[in-house]
Amino acid sequence: MIIVVKKNCEEKQLDNLIKWVKSQGLGVDVSRGDHSIVLGLIGDTPKVDIDLVRSMDIVENVKRIQEPFKSANRKFHPDDTIVDVGGHKFGGENFQIIAGPCSVESEKQIIEVAKAVKASGANLLRGGAFKPRTSPYAFQGLKAGGLELLKLAKKETGMPIVTEIMSVAHIDLFEDVDMVQIGARNMQNFELLKAVGKLNKPVLLKRGLANTIEEWLMSAEYIMSEGNRQVVLCERGIRTFEPMTRNTLDLSAIPLLKEKTHLPVIVDPSHASGLSRLVKPLSLAAVGAGADGLMIEVHNDPANALCDGAQSLRPEQFDEVVKATDVMLPLVNKKRV
Ligand code: PEP
Ligand code: MN
């Protein structure tokens, strides 16, 4: 971290600032130029409250030169992390597809969809049992019963299951879930992040509705700092001023994340757009941008879905998306495995 001190500061103020920096357990390198004084902070600078420093009277400018995330940082872990979910690998050259309905609705629905998406090439089955809905009057999911139906679908098809956890209180119910999803609305539920960080289980961490890439990586850091390094990031669109789509898919996040972190990054084009007809073009764009996989909502009867029917593909539409992505994968040196 670098602090630029105001030109006409008093020596006493500068001394006080240097003392304060040292009291934070950091070293300081002072360089005096003709026009300004620059302090270079040495040590564990991610701990420093940058806003507090910025608010000090004698501070002209302050800049981090080291990112505040460590475990997730590619600088300290240059190789791609490979996250294995029930034998299916995320990261490196692997391309994975997670598919299934927004919500688990019935045994017939989840098993029918699971069989269909597996036949098309999805390796992992998604389905919400605990649903984060904007309205308390909307379908809230089948909860523990939904988890049981997912397990049944896994037994029928052999597909590992991915489903969202909404509360620390439910953690024991998720024992047989292969990959726990932290939804957009909980990306900064730090107690939940710490709790899944204590599990020995892969975590799918979705980007918050209005969160920066750095905030997202800090959330990954919360999980990893508790010991769980099996984190896959999922870009699902962010809130912008554009009302024609549910969210705006931030495609630049993918190559940027690939620079900044070693964690796998997948894309959810369903929640990003809210429109089933945009799922195919956005899936192809995600492949082109270097994503490690996709998570796509598929329903056997979208018109009557209890949640997110407008963005859900019918199985035959999903099949088309998989075929189209397969054509593109060699261009980005990835393989669907
Ligand atoms: C979901 O994947 O079911 C979901 C609720 O998505 P998000 O958290 O991205 O809105
Ligand atoms: Mn949904």
Side-chain angles (χ1 to χ4, degrees), residues 85 96-105 109-110 113-114 117 122 124-136 138-143 146-147 149-150 161-167 170 174 177-189 192-193 196 202-211 213 215-216 219-220 223 231-240 245-250 253-254 265-276 278-279 282-283 286 291 293-314 318:
V85 187
Q96 285 300 342
I97 304 182
I98 306 173
C102 179
S103 314
V104 181
E105 298 174 7
Q109 174 240 22
I110 192 68
V113 176
V117 295
L124 298 102
L125 176 67
R126 65 149 285 147
F130 292 89
K131 292 303 304 175
R133 304 301 302 274
T134 301
S135 165
F139 175 59
Q140 303 286 307
L142 297 180
K143 305 191 172 113
L147 294 178
L149 295 181
L150 281 169
I161 49 183
V162 185
T163 192
E164 177 167 355
I165 186 161
M166 280 173 49
S167 164
H170 298 153
F174 282 67
V177 167
D178 299 282
M179 185 182 221
V180 226
Q181 177 174 323
I182 299 290
R185 289 153 193 82
N186 273 314
M187 190 206 87
Q188 286 191 316
N189 180 339
L192 188 57
L193 297 175
V196 299
V203 177
L204 183 64
L205 177 64
K206 296 191 97 178
R207 183 177 185 175
L209 302 149
N211 284 108
I213 291 171
E215 286 164 345
W216 188 10
S219 292
I223 300 169
V231 179
V232 174
L233 301 167
C234 179
E235 161 62 40
R236 46 77 73 204
I238 47 173
R239 274 277 165 92
T240 67
T245 47
R246 187 174 177 184
N247 292 290
T248 297
L249 178 59
D250 182 7
I254 306 158
V265 184
I266 69 164
V267 167
D268 169 353
S270 310
H271 290 89
S273 64
L275 297 167
S276 59
L278 295 198
V279 170
L282 294 187
S283 297
L294 291 166
M295 174 150 93
I296 298 180
E297 285 189 345
V298 180
H299 199 285
N300 49 352
D301 182 12
N304 291 302
L306 295 181
C307 185
D308 288 351
Q311 66 194 35
S312 300
L313 298 183
R314 292 191 310 274
F318 173 69

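When a ligand or atom number is given, it counts from 1 through the structure's own listing order. Remember, it's a predicted structure, so these values are computed and weren't measured experimentally.
Protein heavy atom closest to atom 3 (O) of ligand 1, with residue, atom name and distance, is R126 NH2, 2.8 Å. Of all protein heavy atoms, the one closest to atom 4 (C) of ligand 1 is H271 NE2, 3.5 Å. Protein heavy atom closest to atom 6 (O) of ligand 1, with residue, atom name and distance, is K206 NZ, 2.9 Å. In terms of protein heavy atoms, atom 8 (O) of ligand 1 is closest to A184 N, 2.7 Å. The protein atom (non-hydrogen) at minimum distance from atom 5 (C) of ligand 1 is E164 OE1, 3.7 Å.
Between L204 and I266, the closest side-chain pair of non-hydrogen atoms falls below 4.5 Å. Side-chain contact between L193 and I182 is present, with at least one heavy-atom pair separated by less than 4.5 Å.
Near R236, meaning under 4.0 Å from one of its heavy atoms, ligand 1 places the atoms 7 (P), 9 (O), 10 (O). Close approach to G183 involves these atoms of ligand 1, each under 4.0 Å from a residue heavy atom: 8 (O).
For E164 and K131, the salt-bridge test fails: no basic side-chain N is under 4.0 Å from an acidic carboxylate O. A salt bridge links D308 with R246: the closest approach of a Lys/Arg side-chain nitrogen to an acidic carboxylate oxygen falls below 4.0 angstrom.
Proximity of a side-chain donor or acceptor of R126 to a complementary backbone N or O of P101 within less than 3.5 Å is detected. Listed for the T163 side chain is a donor-acceptor partner under 3.5 Å among the backbone atoms of G127.
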Requested in this report: Please assess E105 against I110 for the test side chain to side chain contact (heavy atoms under 4.5 Å, CB included), listing each intermediate value before the final yes or no.
Outcome: CA-CA 7 Å; E105 298 174 7; I110 192 68; over 6 Å; no
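The number of heavy atoms from other shown groups lying within 6.0 Å of CZ (R133) is above 12.
In this structure, R207 falls outside the shell of residues with a heavy atom less than 4.0 angstrom from ligand 1.
Considering both main-chain and side-chain atoms, D268 never comes within under 3.5 Å of ligand 1 through any nitrogen or oxygen pair.
Residue-level check: among N/O/S atoms of D308, OD2 sits closest to the Mn ion (ligand 2). As for E297, its N/O/S atom nearest the Mn ion (ligand 2) is the one called OE2.
Here C102 reaches the Mn ion (ligand 2): one of its N/O/S atoms is less than 2.8 Å from the metal.
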